[in-house]
Amino acid sequence: MKAYLKRRSTFKTYAALDAIEWKIAQESIYDNVSSIEVKGEYSDINGDFFICDGFIGVVRDSAPENGQTKINCNGILTAFSRDLIYPGAGVSTEDFIASQLTASFGSVNDEVYAMPYLEILTPATSTSFIKPDIENDYLYNLKSYIALARRLKSVFTTFAVEEDRLTATIAARAVATHNIDFAEAAHELTDEKYSDKSVAKITAVVEGVGTDYFLMADGTITTNPGSDPRASGTWETLVVKDASKVEDTVADQFAKNSHSHSIEFYTSKRLGFYDKLNIRLHGAVVTSYVSQIIRTHKDDRYLIKSGELRVTMTEKSLEVI
């Protein structure tokens with residue numbers, strides 16, 4: 001597999017590489033480390049961009065030895081993980097992400113950290129603004145906000161390489177739904193884990209007043225469930241300090257229900273990041289979504305992780321959803 005290194009300062013390509021072995025997280029809700037073994041010895045590349053087969057990574061570390069180099073990369077969003085001062089509400093979710101990428105990274109007034117090659121394409125959609133999580137009264141994290149927008153509003157920020165330009169497309173998109181049946185030759189189950197933690201009702205408390213929110217069987221959220229089928233799970237109470245964020249905070253809490261399982265499988269079908277899945281297992285159907293897409297040199301298929309159950313301490317500490 002061909003790969004390329006680009007300078008962090010200019011986005012200019014300075015090395016073409018031949019990859020021998022690889023395990024790459026093309027998409028993931030976690031801060032995965034992708035590992036690639038390449039021919040040749042390369043040093044002084046930490047922080048630069050590693051490009052291959054649609055993957056854009058940031059080199060975390062490298063180990064040149066005996067004519068080869070092992071390169072470990074974080075995902076592209078690592079380049080935008082610096083805490084920022086919250087400037088106030090945006091016109092839309094897409095506009096907020098676009099303006100902050102430009103102001104805090106693309107055209108920042110410091111040539112050591114500026115990314116003048118970053119080009120923000122005009123957002124094709126406009127989604128109601130959601131406020132980021134603010135820490136210490138002033139700070140928020142753009143990387144975390146991009147994940148929040150994806151999770152709650154289906155607003156995706158996608159990066160691509162256009163010669164010596166790094167483009168960012170920010171837009172809401174419809175999420176496809178796929179039926180996964182392991183009786184089909186296209187899919188191979190590799191691992192499954194479950195827990196019984198799931199929330200079906202939340203009492204959101206704002207300034208001492210509680211409002212009940214119900215999760216319905218079809219995934220919708222309402223304060224008036226009527227006689228329609230409701231989801232099963234626990235009833236929790238949640239204190240919300242910012243009244244303007246009540247509905248988003250409740251939706252975010254319900255979205256974490258997919259923590260309750262982790263199903264991994266190989267598939268020959270191309271599934272999209274965050275696509276919804278109806279997985280048939282043991283005579284029942286598990287509703288899930290694509291939380292991770294891995295490619296390796298050992299298999300031409302895609303290794304998919306669905307759901308979010310943390311099964312190792314590493315996964316728990318690296319959660320970025």
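Count residues from 1 along the sequence. Small disclaimer: the values here were computed from a predicted structure and weren't measured. The figures that follow rest on heavy atoms only: side chains count, while hydrogens, waters and symmetry mates do not.
Note that Arg280 lies outside the cation-pi zone of Phe182, set by a 6.0 Å cut-off to the ring centre and a 45° limit from the axis. Taking the ring axis of Tyr117 as reference, the NZ or CZ atom of Arg165 does not stay both within 45° of it and closer than 6.0 Å to the ring centre.
The two atoms that bring Ile221 and Phe254 nearest to each other are CD1-CD1, 3.5 Å, heavy atoms only. The minimum heavy-atom distance between Met1 and Trp22, with the atom names listed, is CE-CD2, 3.6 Å. Residues Ser43 and Ser62 come closest through the heavy atom pair CA-OG, 4.4 Å. Pro225 and Arg230 get closest at one heavy-atom pair: CB-CD, 3.9 Å. In this structure, Ile97 and Ala149 approach most closely via the heavy-atom pair CD1-CB, 4.1 Å.
Tested against Glu94, the residues Thr127, Thr169, Thr157 include a single side-chain hydrogen bond (donor to acceptor under 3.5 Å, both in side chains) partner, Thr127. Among Ile279, Thr267, Ile304, the one residue that satisfies the side chain to side chain contact (heavy atoms under 4.5 Å, CB included) test with Ile180 is Ile279. Remark: of the listed residues Thr223, Thr203, Thr222, Thr237, Thr203 is the sole one forming a side-chain hydrogen bond (donor to acceptor under 3.5 Å, both in side chains) with Asp212. Residue Lys131 forms a side chain to side chain contact (heavy atoms under 4.5 Å, CB included) with just one option from Phe96, Tyr140, Tyr86, and that option is Tyr86.
Taking a 6.0 Å sphere around OH of Tyr113, one finds it holds 12 or fewer heavy atoms contributed by other residues, nucleotides or ligands. More than 12 non-hydrogen atoms from other residues, nucleotides or ligands lie less than 6.0 angstrom from CD of Glu37. The environment of CD in Glu184 is crowded: more than 12 heavy-atom neighbours from other residues, nucleotides or ligands sit within 6.0 Å. Other residues, nucleotides and ligands contribute only 12 or fewer heavy atoms inside 6.0 Å of the NZ atom of Lys23. Counted within 6.0 Å of NZ on Lys201, heavy atoms from surrounding residues, nucleotides or ligands total more than 12; the atom is thus considered enclosed.
With 3.5 Å as the limit, one finds a donor-acceptor pair spanning the side chains of Ser28 and Asn32.
For Lys193 and Asp191, the salt-bridge test passes: some basic side-chain N is under 4.0 Å from an acidic carboxylate O. Comment: Arg7 engages Asp48 in a salt bridge, judged by a side-chain N to carboxylate O separation of less than 4.0 angstrom. No salt bridge links Lys39 with Asp18; every basic N to acidic carboxylate O contact stays at or beyond 4.0 Å. Lys6 has a carboxylate O that lies under 4.0 Å from a charged side-chain N of Asp164, or vice versa, which qualifies the two as a salt bridge.
Using modelled atom types, one side-chain atom of Asp299 and one backbone atom of Arg301 make a donor-acceptor pair closer than 3.5 Å. For Ser306 (side chain) and Val290 (main-chain N/O), no donor-acceptor pair under 3.5 Å exists by modelled atom type.
A perpendicular orientation is assigned to the rings of Phe105 and Phe80, their planes being inclined by more than 60° (bins at 30° and 60°).
By the salt bridge (charged side-chain N to carboxylate O under 4.0 Å, His left out) test, Arg295 is found to be paired with no residue, residues two or more places apart in sequence or in another chain being considered.
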>> Asp83 vs Lys143, test: salt bridge (charged side-chain N to carboxylate O under 4.0 Å, His left out). Steps then yes/no.
In response: CA-CA 9 Å; Asp83 286 343; Lys143 175 185 172 185; over 6 Å; no
